[in-house]
Novice: 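Just dropping this structure here.
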Amino acid sequence: MCLLKTNRLAAHYNDFQALFAVDLHLDAGETVAIIGANGAGKTTLLRSLCGALANAPEQIVFDGEPVGALSAEQVVRRGIAMVPEGRKLFPSLSVEENLQIGGYAGGAGGFWNLAKLYELFPVLGERRRQPATRLSGGQQQMVAIGRALMSNPKVLLCDEISLGLAPAVIRDIYNALPGIRSQGAGVILVEQDISRALSAANRFYCIMEGRVTLSGEPENASRDAIHDAYFGVGA
Amino acid sequence: MNYLDTVVQGVLLGGLYALFAAGLSLVFGIMRLVNLAHGDLIVLAAYLLLITASVLGLSPFVAAAAVAPLMFGIGWLLQRHVLGRTLGADILPPLLVTFGLSIALQNALLQGFSADSRRLNSGALATASIDLGPVSVGVLPLLTFASAIVVIIALNQLFYRTELGRAFRATSDDADTARLMGIQPQRIFSGATAIAMLVVTIAALYLGTRANFDPSIGPARLIYAFEAVIIGGLGSLWGTLAGGITIGLAQTIGAAINPEWQILSGHIAFLLVLLLKPRGLFPRAFD
């Protein structure tokens with residue numbers, strides 16, 4: 001079942017066009033990786049999907065309804081939650097309060113709640129009273145993911161969740177993804193770490209200069225094809 | 001002079017300044033908005049109390065229950081339609097707009113109520129006092145101080161124990177990320193200003209029952225409120241109480257030495273704190 005779909009999505013920052021006619025879709029329970037070099041438009045794509053960047057309404061269709069023009073606070077109420085790049089935890093709030101504020105948009109009564117998140121990331125339960133910014137980078141990333149899950153979203157958008165983290169920590173975080181997906185949420189992973197993203201994804205889209213240059217299933221795509229799509233053919 | 005009495009009166013006066021300052025501190029803490037019309041809004045609330053109390057023949061304390069929701073609404077609309085439009089990367093627009101609002105309010109009050117000084121009639125309460133061994137304290141100053149503590153406890157509970165309080169703090173930290181949580185910063189800001197106006201109503205009640213007021217006294221109350229907030233450390237409500245007490249103490253001690261020194265002593269205490277602890281007595285851990 002198609003959960004989220006973009007129709008020739010074009011995004012602009014004033015006069016600068018960052019995305020050109022991007023078509024992608026995400027099914028329930030599926031993980032899709034968006035890969036691409038720095039400045040390719042990955043973050044712009046996520047900002048469009050989560051409502052931080054306004055688009056034409058029908059360019060983004062979620063659950064059969066046009067959501068492209070909705071604001072971020074409306075989009076999250078529909079069921080699209082974002083794990084922003086750089087985590088963006090609230091420094092005045094404790095770990096637990098950061099998680100609780102994730103449920104501000106609703107979603108109470110769904111699968112994810114504080115107890116379930118402390119099961120998924122036990123270390124957060126141990127440190128729940130501490131200010132969120134006192135935690136290590138990996139633990140902060142767990143809070144950011146947990147905060148997004150608290151609204152029990154149908155789609156989870158993850159922007160560079162492995163950025164700046166040690167490989168062992170990245171593995172821990174990626175190990176949590178199957179559990180998140182098994183609750184029926186679709187996950188969109190934006191990563192610069194191509195191999196990490198591809199190994200976790202059912203499908204991928206490669207973006208270059210605001211356009212989709214390659215898409216498919218990771219096992220069917222050759223390294224050369226991905227290389228060309230990532231850096232530009234003949235690069 | 002009676003030292004103990006001076007100190008007690010100073011501390012109690014600090015309660016009044018803390019009430020002036022709590023609303024200012026709340027608004028500044030959440031949206032980094034410096035409301036230069038804060039003092040005039042207190043005076044406006046005092047006139048609303050005066051009208052309600054005299055027209056309906058009520059005690060000002062009862063009238064406050066009617067004026068508080070009105071001020072809440074005024075705060076909401078003011079934020080929604082005026083102050084909210086000034087918020088942004090530039091700090092100048094809120095200063096200019098609230099400065100203009102301050103002048104407009106003063107002149108509107110002058111037009112409506114003349115420059116005569118007025119007072120809220122609290123009946124026997126105005127002169128009642130309690131004998132506490134070596135010192136005798138007025139019931140009104142005592143009530144003022146108790147109200148300041150209740151207001152600060154209530155605001156702290158709101159901030160640290162409720163979902164709305166979490167949303168206040170999150171929006172204050174990072175409004176863009178708060179949107180991703182489904183929070184509408186504009187509504188949060190309107191709510192904050194509306195709640196600040198509830199505190200303003202309480203401040204106005206004691207401003208008007210303890211002393212005379214006229215349309216021109218707002219800016220001086222703003223200065224005291226500012227000094228209390230800054231002495232206490234931005235963002236700390238208990239610090240704001242400590243700041244209010246510092247100014248109250250300095251003023252009463254100054255006045256005990258020489259009545260001409262009352263106001264000056266408060267300002268000197270403020271400057272000394274700025275010199276010795278520029279971030280205030282209880283600064284936030286981060287900013």
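Below, chain A is the first sequence line, B the second, and so on; all start at residue 1. Computed from heavy atoms alone, side chains included, the values below leave out hydrogens, waters and symmetry copies. Worth saying up front: this structure is predicted, and the values here are computed from it rather than measured.
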Novice: To the nearest 0.5 Å, what is the distance between SG (A:Cys50) and CZ (B:Arg179)?
Specialist: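 Spacing of SG (A:Cys50) from CZ (B:Arg179) equals 11.0 Å.
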
Novice: Looking only at heavy atoms, what is the nearest atom pair of A:Ala105 and B:Gly182, with distance?
Specialist: CB-CA, 4.1 Å

Novice: What option among A:Arg147, A:Gln74, A:Met150 has the most heavy-atom pairs under 4.5 Å with chain B?
Specialist: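 The candidate making the most pairs under 4.5 Å is A:Arg147.
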
Novice: Report yes or no: does B:Arg169 contribute a side-chain atom to a donor-acceptor pair with the main-chain N or O of A:Ser92 at less than 3.5 Å?
Specialist: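 Checking the backbone N and O of A:Ser92 against the side chain of B:Arg169, a donor-acceptor pair under 3.5 Å is found.
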
Novice: What heavy-atom pair brings A:Ala72 and B:Leu180 nearest, and what distance separates the two atoms?
Specialist: CB-CD2, 4.2 Å

Novice: Quick check for you: among A:Asn98, A:Leu93, A:Ile80, A:Val75, which has the greatest number of heavy-atom pairs under 4.5 Å with chain B?
Specialist: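 Top count of heavy-atom pairs under 4.5 Å with chain B: A:Leu93.
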
Novice: Counting neighbours of CZ on A:Arg181 that are heavy atoms of other residues, nucleotides or ligands and sit closer than 6.0 Å, is the number greater than 12?
Specialist: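 Yes - once you tally the heavy atoms of other residues, nucleotides and ligands closer than 6.0 Å, there are more than 12.
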
Novice: Does any part of the side chain of B:Pro185, heavy atoms only, come nearer than 4.5 Å to the side chain of A:Glu73, both counted from C-beta?
Specialist: yes

Novice: Write out, in numerical order, the residues from residues 72-94 of chain B with a heavy atom short of 4.5 Å from a heavy atom in chain A.
Specialist: none

Novice: Please find the pair of heavy atoms, one from A:Lys88 and one from B:Asp174, that lie closest to each other, and give the distance.
Specialist: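 Minimum heavy-atom contact is CD-OD2, 3.8 Å.
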
Novice: Return yes when atom CZ of B:Phe99 has more than 12 non-hydrogen atoms of other residues, nucleotides or ligands closer than 6.0 Å, and no otherwise.
Specialist: no

Novice: Taking all heavy atoms of B:Met181 and all of A:Tyr104, pick out the closest pair and write down the distance.
Specialist: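 Minimum heavy-atom contact is O-CB, 3.6 Å.
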
